[in-house]
Amino acid sequence: MSLRLQVSLNGARGAADGAAVPLSPGDLAESALGAVAAGAAEVLVHPRTPCGRESLSPRVVGPLLEALRGAGVFVPLSVCASIAAEPDPAGRLERVRSWTVLPDRAAVHFAEPGAAELARALLARGVAVDAVVVVGTAGAAAGEGAAAWLGSLARFLASRRPESAGVVRVRPVVELAAVPAASGPAAVAGLVAALRRRAVGPVLVYGREAAAWPVLRLAVRCGADARIGLGDVLRLPDGRPAGSNAALVAAAREAAGAGAAGRRGDTGGVGVGMGVGTGGGGRGATAASR
């Protein structure tokens, strides 16, 4: 089975990060089309005002989603609903409830205050949730924090009704903040398996900057969904600057193919089989594609 890949179009990047990073709605749409043609199955975008500030305002989110869909981007579209866009938890809820154009998914960071309430509000509006936790940061305090965030996510998953057959509304997403040590892959595989059992569905694993490519290869070995894009990393696996999101997606597909081939000949690997996320297109598709 093939890797399900989400492309992060822009993330926290700005004009200072280079001309390859798409900024305007038109550039984001063009970049998304290229990434999907290269093999991306989902698109993640951070909506921004014309001055470059992240925003969850319906006057920003709606036109951006319309520009993407109007350009022919028909895979599931996800937006990041984080404190970078709206620091106040009550303000985030108000923004989400005022959206007039809905994404297919939204990323909710469970280290942020009000995450569970925000996730419930999104689900009530018919928007699927990518429940993000960050693990692998250095230091005892960070490790304790990661355990707390994972516990918060586990409680949220346990509080939900069982998903209907073929319908996955909440997907755990794990950001590995550092490249795992030698013993790390087995631990990550165990974490992915545990979250998959809790969510009764796929798990997405990704890294950023120096961790992006090693973690993508690890996601392949664990049978998880994966993420790549200029929002996460600006360079290709060989260190050359990436000219576009499409170039990163193409390189990720190539790396995934090599990783899968390696796993077939590695009987002692940690992989649990290549996983595939829910299929389908955008909001016009079935609920199983959200």
Side-chain angles (χ1 to χ4, degrees), residues 1-9 11-13 17 20 35 38-42 44 107 109 111 130 132-139 142-143 146 149-150 171-196 202-277:
M1 295 182 178
S2 62
L3 173 73
R4 184 172 179 86
L5 191 63
Q6 182 185 75
V7 61
S8 175
L9 293 181
R13 309 289 189 193
D17 292 298
E42 307 173 21
L44 170 65
H109 290 254
D130 277 344
V132 184
V133 292
V134 182
V135 299
T137 49
W149 306 334
L150 286 166
R171 175 175 59 182
V173 175
V174 178
E175 178 190 342
L176 294 182
V179 179
S183 61
V188 173
L191 174 61
V192 168
L195 288 172
R196 188 181 284 126
V203 176
L204 188 148
V205 178
Y206 76 99
R208 293 188 293 124
E209 308 303 354
W213 292 109
V215 171
L216 183 135
R217 289 187 284 269
L218 181 57
V220 173
R221 294 183 67 190
C222 293
D225 296 349
R227 190 177 104 181
I228 205 69
L230 291 167
D232 293 336
V233 63
L234 296 173
R235 293 187 176 274
L236 297 165
D238 62 7
R240 290 179 297 127
S244 65
N245 277 301
L248 288 168
V249 170
R253 303 297 307 184
E254 182 177 355
R263 285 179 61 249
R264 285 193 294 270
D266 180 11
T267 57
V270 301
V272 292
M274 286 295 293
V276 181

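If you're wondering where the values come from, they're calculated on a predicted model, not measured in any experiment.
What you find for Ala211 and Pro214 is that their closest heavy atoms are O-CD, 3.5 Å. Between Leu236 and Ala247, the shortest heavy-atom distance links the atoms CD2-O, 3.8 Å. Residues Gly11 and Ser8 come closest through the heavy atom pair N-OG, 4.1 Å. Between Val203 and Ala224 the shortest heavy-atom distance is O-CB, 3.3 Å. Looking at every heavy atom in both residues, Ser244 comes nearest to Ala20 through N-CB, 4.5 Å. A pairwise comparison of heavy atoms in Ala107 and Val132 identifies CB-CG2, 4.2 Å as the closest pair.
Shown are Val174, Val188, Leu176, Val220; of these, the side-chain contact (heavy atoms from CB on, under 4.5 Å) with Val215 is made only by Leu176.
In this structure, CG in Leu5 is found 13.5 Å from OH in Tyr206, a value given to the nearest 0.5 Å. Once rounded to the nearest 0.5 Å, the distance linking CD of Gln6 with CG of Asp130 reads 6.0 Å.
Shown here are the salt bridge (Lys or Arg N to Asp or Glu O under 4.0 Å) partners of Arg13, two or more places apart in sequence or in another chain: Glu209. Residues forming a salt bridge (Lys or Arg N to Asp or Glu O under 4.0 Å) with Asp232 (at least two apart in sequence, or on another chain): Arg227.
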* Criterion side chain to side chain contact (heavy atoms under 4.5 Å, CB included) on Trp213 and Val233, from CA distance to verdict -> CA-CA 9 Å; Trp213 292 109; Val233 63; 4.1 Å; yes
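Within the structure, salt bridge (Lys or Arg N to Asp or Glu O under 4.0 Å) pairs that include any residue of residues 244-253 do not occur (at least two apart or interchain).
Checked by atom type and distance alone, the side chain of Asn245 pairs as donor or acceptor with a backbone atom of Leu230 at under 3.5 Å.
Counting only heavy atoms from C-beta outward, the side chains of Arg208 and Glu175 approach each other to under 4.5 Å. Residues Leu204 and Arg4 are not in side-chain contact: their nearest non-hydrogen atoms beyond the backbone lie 4.5 Å or more apart. Within the 4.5 Å cutoff, the side chain of Leu216 has heavy atoms near those of the Ile228 side chain.
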